[in-house]
There are 2 protein chains.
Amino acid sequence: MLRISKLSDYAIVLLSEIAREQGGQGVTARHLAASTHIALPTVVKLLKLLKDHGVLLSIQGRNGGYRLAHRPSDTNLAVIIEAVEGPIALTECMNEELDCQIHHNCNTKAHWVHINAAFRQALSVVNLNDLTRGTMPVRVSWNGDRAPAL
Amino acid sequence: MLRISKLSDYAIVLLSEIAREQGGQGVTARHLAASTHIALPTVVKLLKLLKDHGVLLSIQGRNGGYRLAHRPSDTNLAVIIEAVEGPIALTECMNEELDCQIHHNCNTKAHWVHINAAFRQALSVVNLNDLTRGTMPVRVSWNGDRAPAL
DNA sequence: TAAAATGGGACCAATTCAGTCCTGTATTGG
DNA sequence: CCAATACAGGACTGAATTGGTCCCATTTTA
């Protein structure tokens with residue numbers, strides 16, 4: 001598997017739509033549900049999450065709605081996914097220490113730190129601007145150079 | 001979340017152990033369970049998976065066990081994770097077309113293809129040799145250059 | 001021939017995930 | 001002023017996935 005959750009996927013679609021439509025006023029959850037075909041309760045849930053994590057601003061009351069908290073170019077996939085799923089931590093041992101009982105001579109952690117960073121980097125290069133316009137954001141290059149031994 | 005599954009994590013530990021101990025004979029599941037502190041049934045399950053996907057070779061019968069199918073330097077994290085979790089496909093739309101009903105003007109797919117490739121690349125650079133010796137395998141570099149628009 | 005090993009399933013429990021529902025608060029147009 | 005519209009914040013449920021166990025068959029060899 002190893003999937004981005006559906007919710008994250010939805011969140012990306014929703015934010016793209018907001019970035020696309022955002023005029024002076026905010027965009028309402030109801031409107032987004034209609035234009036993206038995502039069920040309203042799910043849309044509401046996600047928008048709240050994104051607001052709590054500072055990705056969106058909300059306007060309450062009758063003519064309310066949501067607006068991007070930052071410029072589209074500053075809202076990237078890493079931020080969005082972290083808002084919905086929490087911090088990107090590919091392995092258990094990344095987040096807390098937890099004292100991984102399985103294997104004490106575990107020297108894999110240093111590698112995970114790198115992989116984690118590379119992955120987050122790949123995500124953070126793509127922003128809402130890239131998604132609303134049709135631009136390809138990034139060319140990945142990778143040098144296989146070896147860093148000095150630990 | 002966005003975690004590598006525990007099983008993948010275990011698999012990496014098991015393979016590291018096999019790479020470390022592998023002499024002429026194969027290493028038994030029982031022995032691996034003891035040396036890694038992973039429950040035997042789980043070890044058995046994983047070794048079978050890894051064998052089915054060509055990562056390990058098995059020797060049946062009394063003095064049987066498992067051996068690496070390839071050199072440690074040829075067994076990398078991408079291969080291991082794919083053996084345990086299936087193909088690396090960060091989003092639903094990567095694997096099959098499935099005609100993603102949510103959003104028809106979806107131009108995110110091209111981005112996911114890139115992110116997916118970058119992630120797999122990051123995983124494939126780390127191999128069993130790196131894990132058994134304490135070498136840092138990779139220095140990640142990333143150029144933010146923009147490729148031409150789609 | 002019995003013991004030790006893999007082979008191949010089925011199976012269960014627990015967690016996580018996706019999605020819904022309900023009630024409250026803020027704002028504003030009429 | 002009040003009703004309609006929108007967000008706020010939970011609780012809750014059903015489904016799917018995951019982690020883990022168990023059982024029995026087959027292979028090999030001391």
Side-chain angles (χ1 to χ4, degrees), chain A residues 1-14 18 25-34 36-67 69 81 83-86 89 91-92 95 100-102, chain B residues 1-14 18 25-34 36-69 81 83-86 89 91-92 95 101-102:
Chain A
M1 295 296 156
L2 196 62
R3 289 273 165 83
I4 300 287
S5 81
K6 273 192 192 178
L7 276 304
S8 293
D9 216 340
Y10 293 167
I12 293 165
V13 171
L14 288 173
I18 294 173
Q25 297 282 8
V27 183
T28 69
R30 179 182 303 270
H31 176 72
L32 286 169
T36 61
H37 305 115
I38 301 171
L40 180 58
T42 304
V43 171
V44 168
K45 183 187 200 173
L46 280 168
L47 294 178
K48 276 186 288 197
L49 258 179
L50 292 167
K51 179 229 158 192
D52 290 345
H53 285 80
V55 177
L56 288 176
L57 297 177
S58 67
I59 304 107
Q60 282 201 339
R62 176 142 179 175
N63 284 338
Y66 290 92
R67 290 174 43 222
I81 289 173
V84 176
E85 309 196 24
T91 54
E92 199 113 6
N95 241 357
C100 160
Q101 312 227 336
I102 295 302
Chain B
M1 295 292 155
L2 196 63
R3 290 272 165 82
I4 299 285
S5 82
K6 273 192 192 177
L7 276 303
S8 293
D9 216 340
Y10 293 166
I12 293 166
V13 171
L14 288 172
I18 294 174
Q25 296 284 11
V27 183
T28 69
R30 179 182 304 269
H31 175 73
L32 286 169
T36 61
H37 305 113
I38 300 172
L40 180 56
T42 303
V43 171
V44 168
K45 183 186 199 170
L46 279 169
L47 295 179
K48 275 185 291 197
L49 256 180
L50 292 167
K51 180 228 156 194
D52 290 344
H53 285 80
V55 177
L56 289 175
L57 296 176
S58 66
I59 304 107
Q60 282 202 336
R62 178 143 175 169
N63 285 338
Y66 289 92
R67 292 172 43 220
L68 293 179
I81 289 174
V84 176
E85 309 196 24
T91 54
E92 198 113 6
N95 242 356
Q101 311 227 335
I102 295 300

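Computed from a predicted structure; not experimentally measured. Reminder, nothing fancy here: chain letters follow the sequence lines and each chain counts from 1.
Separating the CG atom of B/L47 from the P atom of D/dG20 is a distance of 15 Å, rounded to the nearest angstrom. Atom CZ of B/R3 is separated from atom C1' of C/dT15 by 13 Å (rounded to the nearest Å). For the pair B/I4 CD1 and D/dT17 P, the interatomic distance rounds to 18 Å; values are reported in whole Å. One can place CG of A/D9 at 14 Å from C1' of C/dC17, the figure rounded to the nearest angstrom. In this structure, CG of B/L50 is placed 12 Å from P of C/dG7, rounded to the nearest angstrom. Here the C1' atom of nucleotide C/dT16 and the CG atom of B/L2 are 14 Å apart, to the nearest Å. Between the P atom of D/dA8 and the CG atom of A/L40 lies a distance of 14 Å, rounded to the nearest Å. Regarding A/L49, its CG atom lies at a distance of 14 Å from the P atom of C/dG19, rounded to whole Å.
The side-chain hydrogen bond (donor to acceptor under 3.5 Å, both in side chains) search around A/H53 returns none, not counting sequence neighbours. Applying the side chain to side chain contact (heavy atoms under 4.5 Å, CB included) rule to A/S8 yields the partners A/I4, A/S5, A/I81, A/V84, A/E85; only residues at least two apart in sequence or on another chain are considered. Every residue meeting the side chain to side chain contact (heavy atoms under 4.5 Å, CB included) condition with B/T42, not counting sequence neighbours, appears here in chain and number order: B/L7, B/Y10, B/I38, B/A39, B/L46. Not a single side chain to side chain contact (heavy atoms under 4.5 Å, CB included) links A/K45 to another residue, sequence neighbours left out.
Residues A/L50 and A/A83 approach most closely at CD2-CB, 3.9 Å, considering heavy atoms. Scanning all heavy atoms of the two residues, the minimum distance from A/A29 to A/V44 falls at CB-CG2, 4.0 Å. Residues B/G26 and B/R67 come closest through the heavy atom pair CA-CG, 3.6 Å.
Between B/K48 and B/Y66 the shortest side-chain heavy-atom distance falls below 4.5 Å. Put simply, the side chain of B/L68 does not reach to within 4.5 Å of the side chain of B/L57, judged on heavy atoms.
Minimum atom distance to the side chain of B/K6 is reached by D/dG20, of the listed D/dG20, C/dG19, C/dT20.
Within residues 55-65 of chain B, the residues that have a heavy atom under 4.0 Å from DNA chain D are, in order of number, B/Q60, B/G61, B/R62, B/N63.
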Distances for protein N/O vs nucleotides 9-13 of chain D N/O pairs under 3.5 angstrom?
from: D/dG9; atom 1: N7; to: A/K48; atom 2: NZ; distance (Å): 2.4

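Using a 4.0 Å cut-off, no side-chain N or O of B/T28 falls inside it from OP1 or OP2 of C/dA4. Contact annotation: B/S5 does not reach the phosphate of D/dT17 (side-chain N/O to OP1 or OP2, under 4.0 Å). Between D/dG19 and B/Y10, no contact under 4.0 Å exists linking OP1 or OP2 to a side-chain N or O. An OP1 or OP2 oxygen of C/dA4 is reached within less than 4.0 angstrom by no side-chain nitrogen or oxygen of B/R30.
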